[in-house]
Amino acid sequence: MTHLQTGLSPETIEKARLELNENPDTIHQDIQQVRDMIITRPDIGFLRTDDPFILRFLRARKFNHLEAFRLLAQYFQYRQLNLDMFKNLKADDPGVKRALMDGFPGVLENRDHYGRKILLLFAANWDQSRNSFVDILRAILLSLEVLIEDEELQINGFVLIIDWSNFSFKQASKLTPSILKLAIEGLQDSFPARFGGVHFVNQPWYIHALYTIIKPFLKDKTRKRIFLHGNNLNSLHQLIHPECLPSEFGGTLPPYDMGTWARTLLGPDYNDENDYTHSSYNVIHVKHTSSNLERECSPKYIKRSQSVVEPGTLMHEEDQDHENTKPLLALD
């Protein structure tokens, strides 16, 4: 075992070997082959080229050297093309902080039965007079930067659940194709994470219409991992066990505390009055987040009504390289 795998459990090392083609005997050569390609893109400033950083891109592309390099190049090119988004990308940036405190994103402390981190988005919490979509996207990207430092998550990946309950047509009208494309480029095309599934629940008809608009921007593999459950939580539970979910999603855990992840990033002096003034975590310096902090803070649960909406279609997940889930009925 190489020192680059010292933080991994034996089970995860074996999973990386089987699913990602990770070989401890050649891992340094794999990294160097990707690093050697940097000279072919003098138009891009590669601000990090250390071994652990390049390794996460290899893992995201199953150790295909060319694909890993393309992702690495896109990662930095996306940041070059959107400089304003990444200026002062820290938890205490005012826009990012507001989004984090409003629960964008939510991050469950426990992982699912495949070891994946579960991210939550409660769409109706988007107060458009308070948070721009770009600041919400910045908060999500910052959160992923922090989480991807965990080598187990580089291998096991993430799942995302979006609850569209009470998300109004007026709110949806602000989701223009251009800003949705910006988000897709940042998450699908330019970030070294493995997303095992994106789950829509309680989505109204106009979210189906939006999904039709963004479909052309999605890779085939991404489309196959998007599930539209409507109000059918049983289909969600076939893919993510109720024991891993808060009660809003029919799970056995308590309701999600919107301040949990914000407190983790902002530190112990976080408070609900938005007058936080102390030093926050910086994405460059954070290695691991503290779960103890979450347990020490008093929870403030935000109640959300569970209105029933028209059930949506449910698309099955194919090409699962990390699950053996039987396909569900596709009604696309």
Side-chain angles (χ1 to χ4, degrees), residues 47-48 75-76 78-109 117 119-149 158 160 162-163 166-168 170-176 178-187 190-191 193 256-290 293-294 296-302 304:
L47 303 182
R48 277 191 67 180
Y75 174 91
F76 285 115
Y78 181 78
R79 281 148 182 75
Q80 285 182 196
L81 295 174
N82 301 283
L83 289 174
D84 288 344
M85 278 182 56
F86 294 94
K87 183 179 180 181
N88 195 40
L89 186 63
K90 298 188 294 183
D92 60 0
D93 172 84
V96 172
K97 182 169 70 173
R98 284 194 301 270
L100 289 170
M101 295 179 76
D102 286 354
F104 295 106
V107 180
L108 296 185
E109 181 177 353
K117 201 71 170 175
L119 308 181
L120 309 174
L121 293 177
F122 295 94
N125 282 4
W126 182 19
D127 181 347
Q128 295 169 351
S129 66
R130 173 177 164 86
N131 295 314
S132 71
F133 181 85
V134 170
D135 280 334
I136 290 175
L137 178 57
R138 294 174 74 221
I140 293 171
L141 288 170
L142 172 68
S143 299
L144 286 172
E145 290 282 4
V146 173
L147 292 167
I148 204 65
E149 293 286 342
F158 301 84
L160 172 64
I162 307 176
D163 184 0
N166 303 316
F167 188 70
S168 69
K170 181 179 179 181
Q171 287 173 301
S173 68
K174 302 297 184 182
L175 295 175
T176 63
S178 60
I179 63 172
L180 291 172
K181 184 172 182 288
L182 181 70
I184 292 168
E185 289 173 348
L187 297 171
S190 308
F191 196 83
Y256 182 70
D257 173 4
M258 287 293 175
T260 298
W261 183 240
R263 283 192 291 270
T264 301
L265 291 187
L266 288 167
D269 295 302
Y270 160 92
N271 61 66
D272 294 325
E273 281 70 45
N274 284 350
D275 60 356
Y276 177 84
T277 58
H278 298 276
S279 299
S280 70
Y281 282 132
N282 183 313
V283 65
I284 296 175
H285 299 112
V286 173
K287 295 299 181 185
H288 299 284
T289 57
S290 169
L293 178 60
E294 299 176 12
E296 290 167 2
C297 296
S298 298
K300 179 183 179 182
Y301 296 127
I302 296 179
R304 289 173 295 278

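One-based numbering along the sequence shown.
Q128 contributes atom CD, which lies 7.5 Å from atom NZ of K170 (distance to the nearest 0.5 angstrom). Within the model, atoms CD1 of I136 and CG of L121 stand 8.5 Å from one another, a figure rounded to the nearest 0.5 Å. Between the CD1 atom in I162 and the CZ atom in F167 there is a gap of 10.0 Å [rounded to 0.5 Å]. Taken from CE in M258 to CE in M101, the straight-line distance is 13.0 Å, to the nearest 0.5 Å. Interatomic distance, CG of L147 versus OG1 of T264, reported as 9.5 Å (0.5 Å rounding). Taken from CG in N166 to CG in N125, the straight-line distance is 9.5 Å, to the nearest 0.5 Å.
Residues S143 and L265 form a side-chain contact, since some pair of their non-hydrogen atoms from C-beta on lies under 4.5 Å apart. L266 is listed as a side-chain neighbour of K97, based on a closest heavy-atom distance under 4.5 Å.
Between D257 and R263 there is a salt bridge, since a side-chain N of the basic residue sits under 4.0 Å from a carboxylate O of the acidic one.
Judged purely by atom type and a 3.5 angstrom limit, K117 uses its side chain to pair as donor or acceptor with the backbone of L108.
By the ring-ring contact (aromatic ring centres under 6.0 Å, His included) test, F158 pairs with F195, sequence neighbours left out. For S173, there are no side chain to side chain contact (heavy atoms under 4.5 Å, CB included) partners two or more places apart in sequence or in a different chain. Evaluation of the side chain to side chain contact (heavy atoms under 4.5 Å, CB included) rule for D127 yields S129, R130 as partners, not counting sequence neighbours. Annotation: side-chain hydrogen bond (donor to acceptor under 3.5 Å, both in side chains) contacts of N82 (sequence neighbours excluded): none. With sequence neighbours excluded, no residue forms a salt bridge (charged side-chain N to carboxylate O under 4.0 Å, His left out) with K174.
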_Derivation of the side-chain contact (heavy atoms from CB on, under 4.5 Å) call for L175 and W126_ = CA-CA 11 Å; L175 295 175; W126 182 19; 3.6 Å; yes

*Please report the C-alpha distance between R138 and D135 in whole Å, then the side-chain angles of each, then the deciding distance to 0.1 Å, and finally whether the salt bridge (Lys or Arg N to Asp or Glu O under 4.0 Å) criterion is met.*
CA-CA 5 Å; R138 294 174 74 221; D135 280 334; 3.2 Å; yes

*Take N88 and D93 through the side-chain hydrogen bond (donor to acceptor under 3.5 Å, both in side chains) test and state the conclusion after the steps.*
CA-CA 6 Å; N88 195 40; D93 172 84; 3.2 Å; yes

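For the pair S190 and Y78, the tightest heavy-atom approach, listed with the atom from each and the gap, is OG-CB, 3.6 Å. In terms of heavy atoms, A139 sits closest to F104 at CB-O, 3.3 Å. Shortest non-hydrogen contact noted between N131 and R98 is OD1-CB, 3.2 Å.
Of the residues listed (K90, R79, R48), the one engaging E145 in a salt bridge (Lys or Arg N to Asp or Glu O under 4.0 Å) is R79, and it is the only one. The only option from L142, V146, I140 that meets the side chain to side chain contact (heavy atoms under 4.5 Å, CB included) definition with L144 turns out to be I140.
Aromatic ring orientation, Y256 versus F122: parallel (interplanar angle below 30°, classes split at 30° and 60°).
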Side-chain atoms of residues 178-186: list all donor-acceptor pairs with protein atoms under 3.5 Å, sequence neighbours left out, distances to 0.1 Å.
| from | atom 1 | to | atom 2 | distance (Å) |
| --- | --- | --- | --- | --- |
| S178 | OG | T176 | OG1 | 3.1 |
| K181 | NZ | E185 | OE2 | 2.4 |

